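In what follows, a single structure is set out as structure tokens and then discussed.
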Amino acid sequence: MRAEDYIKDLLYRYNCVVMPEFGGFLAQSKSAQLDAATNTIYPPSKTISFNEQLAKNDGLLVSHIAKDKDLPYEEMLQEVLLISRDWKKKLKAGGTLELFGVGTLRLNETGRIVFNPENKINYLTSSFGLSSFVATPVKREVLKEEVEELEEKIPFIITPEKREATGLRPYLKYAAILLLALSTGFTGYQLYNQSAQKQTLARQNAQEQVSKYIQEATFFDSAPLELPSLSLNVKKVDKTKKTHSVIAGAFRVRANADKTIGRLQNKGYNAFYLGTNRYGLHQVAYDSFEDPKEALTFLKQIRRTESPDAWLLSEK
């Protein structure tokens with residue numbers, strides 16, 4: 001009879017299985033483990049240990065075997081005691097006792113039993129079907145310089161004039177790309193003009209919301225860049241007149257807007273700081289015109305020679 005087979009069966013259900021006159025096998029639950037060296041994750045399990053002091057028969061193992069073999073308890077107890085004595089003789093002779101599925105036992109220099117668990121079987125029933133696996137580490141990089149470069153290159157269309165419904169499609173596509181690239185989600189929206197008609201209100205709200213997503217998903221909040229001092233010739237816009245400005249870009253950080261103004265002025269443009277829009281972004285213009293025809297002509301020239309993403313902002 002292989003007593004270790006019955007010991008294994010009981011370890012699934014009990015935390016202590018005593019082999020009479022030999023010792024007790026203990027099962028202690030432990031939580032999931034992570035091996036940082038190999039990135040291996042092990043599921044919750046039971047740790048098997050052995051205590052030779054727990055040699056007094058508690059009836060659990062003998063009753064289990066007697067019921068399985070349909071034999072009287074006393075007869076089975078004598079058979080189990082014979083197995084225990086054989087195990088002890090083998091250990092005293094200097095041999096190693098191997099209990100398949102449980103572990104190995106041997107005597108050390110002091111005559112004490114040393115137990116090495118096999119650890120091939122998970123005796124925790126709640127972890128049935130779970131196995132260890134190797135996880136792939138997640139690497140994260142902070143690309144601040146690329147954000148600044150994107151800030152200078154990506155244009156923003158934020159105009160107060162009414163847009164057609166078809167104008168929403170490129171906004172939606174652009175917003176989706178930026179949201180996926182920067183892993184930034186935003187929720188909620190603001191309502192404007194409660195007294196306006198429902199159809200007009202819905203279209204305006206949609207345009208405002210998409211524009212807001214584009215602006216907020218483009219830049220991280222960060223401290224202003226450390227830049228050398230620049231001497232700028234700022235053109236003051238007469239807000240009492242109707243102006244038409246060709247916009248070069250809108251920036252969350254004022255220092256980036258000033259940097260763009262200096263770069264454009266070095267190229268010979270009458271670039272100036274236009275102020276902040278309703279989203280708090282700093283706008284930079286190539287130039288401003290009182291005549292809308294002149295503004296459109298200049299815009300075509302800029303798109304052809306400087307930036308195809310420049311746009312026109314008309315305001316009173």
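All of these numbers come straight from a predicted model, not from anything done at the bench. All residue numbers refer to positions in the sequence shown, counting from 1.
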Backbone N or O of [Y] within a donor-acceptor pair of the [X] side chain at under 3.5 Å?
{"X": "Asp68", "Y": "His64", "result": "no"}
{"X": "Gln28", "Y": "Thr47", "result": "no"}
{"X": "Glu118", "Y": "Gly101", "result": "yes"}
{"X": "Asn122", "Y": "Pro44", "result": "yes"}
{"X": "Lys46", "Y": "Leu11", "result": "yes"}

Is there a chain of hydrophobic side chains (I, L, V, M, F, W, Y, each step under 4.5 Å between heavy atoms) that links [X] to [Y]?
{"X": "Ile48", "Y": "Ile113", "value": "yes"}
{"X": "Tyr12", "Y": "Val17", "value": "yes"}
{"X": "Tyr123", "Y": "Leu60", "value": "yes"}
{"X": "Leu54", "Y": "Leu97", "value": "no"}
{"X": "Phe115", "Y": "Ile7", "value": "yes"}

Would you indicate whether the side-chain heavy atoms of [Y] and [X] approach each other to under 4.5 Å?
{"X": "Arg85", "Y": "Lys88", "answer": "no"}
{"X": "Val18", "Y": "Lys56", "answer": "no"}
{"X": "Phe251", "Y": "Lys259", "answer": "no"}
{"X": "Trp87", "Y": "Leu105", "answer": "no"}
{"X": "Asn116", "Y": "Thr104", "answer": "yes"}
{"X": "Tyr286", "Y": "Lys267", "answer": "no"}
{"X": "Arg303", "Y": "Trp311", "answer": "yes"}
{"X": "Tyr6", "Y": "Leu10", "answer": "no"}

Search all heavy atoms of [X] against all heavy atoms of [Y] and return the closest pair with its distance.
{"X": "His244", "Y": "Glu290", "result": "CD2-O, 3.5 Å"}
{"X": "Pro20", "Y": "Ser84", "result": "O-OG, 2.7 Å"}
{"X": "Glu306", "Y": "Tyr269", "result": "OE1-OH, 3.3 Å"}

Look up atom [atom1] in [X] and atom [atom2] in [Y], then write down how far apart they are to the nearest 0.5 Å.
{"X": "Leu81", "Y": "Met19", "atom1": "CG", "atom2": "CE", "value": "8.0 Å"}
{"X": "Ile302", "Y": "Leu299", "atom1": "CD1", "atom2": "CG", "value": "8.0 Å"}
{"X": "Ile65", "Y": "Asp5", "atom1": "CD1", "atom2": "CG", "value": "9.5 Å"}
{"X": "Ser45", "Y": "Ile121", "atom1": "OG", "atom2": "CD1", "value": "12.5 Å"}
{"X": "Leu91", "Y": "Asp86", "atom1": "CG", "atom2": "CG", "value": "11.0 Å"}
{"X": "Leu71", "Y": "Met76", "atom1": "CG", "atom2": "CE", "value": "4.5 Å"}

Take Val246 and Asp287 through the side chain to side chain contact (heavy atoms under 4.5 Å, CB included) test and state the conclusion after the steps.
CA-CA 6 Å; Val246 177; Asp287 205 342; 5.8 Å; no
Just say parallel, tilted or perpendicular for the rings of Phe22 and Phe50, cut-offs at 30° and 60°.
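Answer is tilted, since the angle falls between 30° and 60°.
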Over 60° means perpendicular and under 30° means parallel, so tell me whether Phe289 and Phe298 are parallel, tilted or perpendicular.
tilted
Asp70 atom CG, over 12 foreign heavy atoms within 6.0 Å
no
Val62 vs Tyr73, side chain to side chain contact (heavy atoms under 4.5 Å, CB included): CA-CA, chis, key distance, verdict:
CA-CA 7 Å; Val62 178; Tyr73 177 85; 3.4 Å; yes
Side chain to side chain contact (heavy atoms under 4.5 Å, CB included) with Leu274: of Thr243, Ile261, Ile247, Val284, only one passes, and it is Ile247
